[in-house]
Every structure is written in structure tokens, then in C-alpha cells.
Amino acid sequence: MAETLSLIRPDDWHLHLRDGAMLAGVLPASRHFARAIVMPNLVPPVVTARDAAAYRARILAALPEGQDFTPLMTLYLTEATDPSDVAAAAADGLVTAVKLYPAGATTNSASGVRDIEAVMPVLEKMAEIGLPLCVHGEVTDPEIDIFDREAVFIERVLAPLRQRLPELRVVMEHVTTRDGVDFVREGGSNLGGTLTVHHLILNRNHLLVGGVRPHFYCLPVLKRETHRQALVAAATSGIGRFFLGTDSAPHARATKEAACGCAGVFTAPNALPWLAHVFEAAGALDRLEAFASLNGPAFYRLAPNAERIRLERAGAATPAEVATGAGPVVVFDPGFAPGWHVME
Ligand code: NCD
Ligand code: ZN
């Protein structure tokens with residue numbers, strides 16, 4: 001049994017860093033990652049190239065001394081997004097992807113897309129220039145049960161979009177169902193899928209049995225165990241189009257432990273040890289590096305990082321919460337130890 005693990009330094013292909021009082025507090029939690037796709041769902045959202053440049057500057061200004069981290073910026077797609085603004089931002093290297101939130105699907109998504117037809121000119125431009133579209137794949141139709149929203153989104157929106165614009169490079173983010181896994185697996189080279197650490201570990205019983213656990217509440221919501229198993233199979237399959245996107249989504253403790261608690265799990269501080277735990281339990285530690293460090297850069301057409309990191313068994317306890325200017329944020333804890341620790 002190996003006592004240490006050496007990996008090419010990983011990247012996080014879906015991360016919420018927030019802004020203002022919270023930003024500086026949560027940035028150090030992502031220090032083991034070299035780069036991250038930074039989500040644009042601020043209030044107000046990061047919609048234009050100008051917004052992205054300003055947000056990027058705020059992130060860099062808030063980075064602790066010595067933290068080597070490259071934020072890969074995204075634009076929040078709205079029905080008013082200007083295709084030429086997107087193209088200019090991509091040409092400048094300012095943005096790495098555009099994010100599609102169906103309006104009302106999740107935290108701060110009110111200005112998202114209601115009608116995909118309205119954004120077709122932007123998507124066509126992105127297909128032409130090879131700029132990836134990151135998709136929050138859930139319908140918001142109130143008639144559709146929350147546990148079915150991903151499968152219905154595939155059927156109603158994603159599959160038709162892929163047929164209509166096969167050249168568009170699409171990342172189906174935080175895949176949570178077997179349906180999502182199958183869709184990504186059967187898609188061609190222009191379709192990738194990210195998987196979160198918490199969806200690889202938890203099922204909906206963890207959220208709901210023996211009391212409701214607000215710190216396990218996220219969107220897409222946790223699914224049944226058979227789906228979780230499909231996610232683990234995908235992550236450890238060696239298929240290059242599945243990669244890590246933690247969707248680490250910090251909210252102040254008080255806003256989660258509330259009558260109407262926010263969705264989001266703060267996994268960043270301990271994401272890699274948990275991931276090593278999942279891969280080891282699946283007998284696939286040899287595939288961890290591809291999932292965490294190689295597949296993402298390959299999809300985004302970037303070079304893998306040059307540095308390496310090391311994990312050792314057990315080691316230090318992780319903090320239960322992280323202090324931020326917006327209040328303490330509870331760190332992901334499924335109730336047992338990951339058994340691994342990143343060596344600093
Ligand atoms: C995210 C957030 O808090 O911004 N929440 C979540 O549960 N994942 C939004 C998102 O990615 O859906
Ligand atoms: Zn997210």
C-alpha cells in the first residue's frame with residue numbers, strides 16, 4: 001500500500017470564489033490547485049468582458065502572498081449577451097468559457113437564459129471560435145420533480161443543442177445522474193463532464209435521513225445511491241472527457257443553517273484528500289492523476305501544470321470551518337476521515 005502519492009498539480013474546472021468580504025477568506029482553500037474555472041454568478045453577475053477583467057483583478061488582488069493561482073474567467077450568459085463582446089474577450093485570453101445557467105436554476109441565476117433560441121447567435125460564435133460552454137444542466141420547470149431535472153434537461157435542451165450545433169464545445173457541469181454520465185460518455189470529443197467530490201461521496205440519504213443536513217444541500221441536489229455509483233464509475237473509468245470540477249460553493253454558516261438555506265457545499269479545503277479516498281476505495285488510485293490533473297487541461301486545450309503535489313496518508317486534521325469577512329463557512333465533512341492529506 002503506497003504511503004504517499006505524487007500527482008501533477010491539479011486544476012479545478014468549476015469553482016465559486018465569491019467576491020467582496022468572502023473572496024479573500026476562501027481563496028487559500030484552493031491553494032493546491034494551479035488554475036480554476038471561476039464561476040460568474042456574483043450579484044450582479046459577471047456578464048461582459050469588462051466585468052470579467054474587473055473580477056479577475058479583484059481575485060488577483062485578494063490572493064495571499066505566494067499563492068500561485070491562475071483564475072480562468074467565465075462570462076455569465078444572458079439573453080442580452082453580445083457575441084462580439086464574447087469573441088473579443090476570448091481573443092484577449094481574458095475568458096476561458098461561457099456559463100449557461102437556466103434562469104432560476106440555482107444560486108444567483110435570475111439573469112440566466114429562459115429561451116435557448118435567444119442565445120443562439122452567441123453559441124454559434126462560440127462554436128466558430130472554439131470557446132467552451134459550461135452548462136448547469138437542470139430544467140427549472142416547476143412541474144418537473146427536482147430529482148428529474150437533470151435528465152429532463154438533457155432530453156429537452158442539451159441533446160437538441162448538441163444536434164443543432166455539434167461543433168460547440170460543451171461541458172456538462174456537476175453531472176449527478178447515470179443519465180448524465182451516459183450522455184457524456186456517448187457524446188463526441190466536443191462534450192466533457194465535470195464531477196464534484198461531494199456527489200462522488202454522498203447520496204440523498206446522507207442529506208435527509210436522521211435529520212436534514214443543510215451543509216449537504218447543493219444543486220443539483222444529491223441523488224440516489226445508484227447514481228452516485230455511476231458517477232464513481234465515470235470518474236475512475238479512464239475516459240478522458242470526465243474531469244474534476246469541485247463546485248466548491250461557500251456560503252456563510254448562518255445562510256445555510258436557515259429556514260430557507262442556500263445551496264452549496266464548501267469542499268475546496270479538503271477536495272484532493274477526499275478524491276484520493278474515493279479513487280482508492282474504487283481500486284483506481286492509478287487513475288486519479290488523469291481525472292484531477294490531465295483530462296481537464298486536455299479538454300480545454302491547455303498544457304498540464306509543470307509542478308507536482310504530494311499526498312500522504314492520514315496526517316493533519318482539517319478545519320471544521322474557515323473564517324471569512326462574511327462570517328465562518330463550514331467545510332465539507334461526511335463524518336469520517338479521508339485518510340489522505342496534501343503535503344505542504
Ligand atoms: C452554487 C452556488 O452557491 O453558487 N451552488 C450549488 O449548490 N452548487 C451554484 C451552482 O453551481 O449551482
Ligand atoms: Zn457551481
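For reference, positions follow the sequence shown, starting with 1. In listed order, ligands and their atoms are each counted from 1.
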Query raised in the report: Should the pair Arg169 and Phe299 be classed as cation-pi, given the thresholds of under 6.0 Å to the six-membered ring centre and 45° from the axis?
Result: yes
Requested in this report: Using the side chain to side chain contact (heavy atoms under 4.5 Å, CB included) rule, take Leu60 and Leu63 through it: C-alpha gap first, then chi angles, then the decisive distance, then the call.
Outcome: CA-CA 5 Å; Leu60 295 177; Leu63 261 186; 4.1 Å; yes
Query raised in the report: Counting heavy atoms only, which part of Asn108 comes closer than 4.0 Å to ligand 1: side chain, backbone, both or neither?
Result: neither
Query raised in the report: Closer than 4.0 angstrom: is that true for some heavy atom of His14 and an atom of ligand 1?
Result: yes
Query raised in the report: Counting each atom of ligand 1 from 1 as listed, which ones have a heavy atom of Gly264 under 4.0 Å away?
Result: 5 (N), 6 (C), 7 (O)
Requested in this report: Could you tell me if any non-hydrogen atom of Lys99 lies under 4.0 Å from any atom of ligand 1?
Outcome: no
Requested in this report: Under 4.0 Å from a heavy atom of Cys218: give me the atoms of ligand 1 that qualify, with their elements.
Outcome: 7 (O)
Query raised in the report: In the protein, which heavy atom is nearest to atom 12 (O) of ligand 1, and how far is it?
Result: Thr106 OG1, 2.7 Å
Report summary line: Atoms of ligand 1 under 4.0 Å from any heavy atom of His136, numbered from 1 in the order shown, are 12 (O)
**Report entry** Side-chain (Glu150) to main-chain (Thr177) donor-acceptor, under 3.5 angstrom
**Finding:** yes
Report summary line: The closest protein heavy-atom partner of atom 7 (O) of ligand 1 is Leu219 N, 2.8 Å
Query raised in the report: Between His136, His174, His199, which is the residue that forms a ring-ring contact (aromatic ring centres under 6.0 Å, His included) with His14?
Result: His174
Report task. Answer with yes or no whether His251 contacts ligand 1, where contact means a heavy atom under 4.0 Å from a ligand atom. Result -> yes
Requested in this report: Write out the residue and atom name of the closest protein heavy atom to atom 1 (C) of ligand 1, then the distance separating them to 0.1 Å.
Outcome: His16 NE2, 3.6 Å
Query raised in the report: Are the side chain of Arg149 and the backbone N or O of Asp141 linked by a donor-acceptor pair below 3.5 Å?
Result: yes
Query - Backbone or side-chain N/O/S of Asp247 under 2.8 Å of the Zn ion (ligand 2) - result: yes
Report summary line: In terms of heavy-atom contacts, Thr78 and Thr81 come closest through N-OG1, 2.9 Å
**Report entry** Region of Glu138 engaging ligand 1 - heavy atom pairs below 4.0 Å
**Finding:** neither
Query raised in the report: Which ligand 1 atoms does Ala249 reach within 4.0 Å, using its non-hydrogen atoms?
Result: 1 (C), 2 (C), 3 (O), 5 (N)
Requested in this report: For atom 8 (N) of ligand 1, find the nearest protein heavy atom and state the residue, atom name and distance (0.1 Å precision).
Outcome: Asp247 OD2, 2.7 Å
Query raised in the report: With a 4.0 Å cut-off, would you call Arg9 and Asp68 a salt bridge?
Result: yes
Requested in this report: Would you check whether Arg18 has a nitrogen or oxygen atom less than 3.5 angstrom from a nitrogen or oxygen atom of ligand 1?
Outcome: yes
**Report entry** Atom of His14 nearest the Zn ion (ligand 2) (restricted to N/O/S, atom name only)
**Finding:** NE2
Query raised in the report: What protein heavy atom sits nearest atom 5 (N) of ligand 1, and how far off is it?
Result: Ala263 O, 3.1 Å
Requested in this report: For the Zn ion (ligand 2), find the closest N/O/S atom on His16 and give its atom name.
Outcome: NE2
